[in-house]
Amino acid sequence: HIVYSPRFKKLIKILKTEGLGSSATAKKWINIYFYTDIKLCYNKLREKGFTILTTKINAESKSIYDIDFNKKIALVFGNERNGLSDEAYN
């Protein structure tokens, strides 16, 4: 699941038609869903039984070693420049 800003319509069009770089051949084994709304994406993931974990370093952060990877988990990463938005984190 990929959430993107509508400002990047041209980039998303390229990703959908030409692939995702060197891992483009993996497209035949995975489904990629695009969203412009983080809440909609999170709701879809929760409907499928996923626990959503966001990546942000702060006082509430937990060690990666404390995560139970035996259940369905969606890891949420921000971009390098801005990290996660407040909406994506909350």
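Small disclaimer: the values here were computed from a predicted structure and weren't measured.
S61 pairs by the side-chain hydrogen bond (donor to acceptor under 3.5 Å, both in side chains) definition with N58, not counting sequence neighbours.
Following chains of ILVMFWY side-chain contacts shorter than 4.5 Å, one cannot reach F50 starting from I67, and the two form parts of different hydrophobic clusters. Note on I52: it clusters hydrophobically with I38, by side-chain heavy-atom contacts below 4.5 Å among ILVMFWY residues.
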Tabulate below the donor-acceptor pairs under 3.5 Å that side-chain atoms of residues 68-78 make, not counting sequence neighbours, or state none.
from, atom 1, to, atom 2, distance (Å)
D68, OD1, N70, N, 2.9
D68, OD1, N70, ND2, 3.3
K72, NZ, K48, O, 2.5

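Contact detail for L84 and T54: the closest heavy-atom pair is CD1-CB, 3.5 Å.
Distance check: Y42 OH to D37 CG gives 11.0 Å after rounding to the nearest 0.5 Å.
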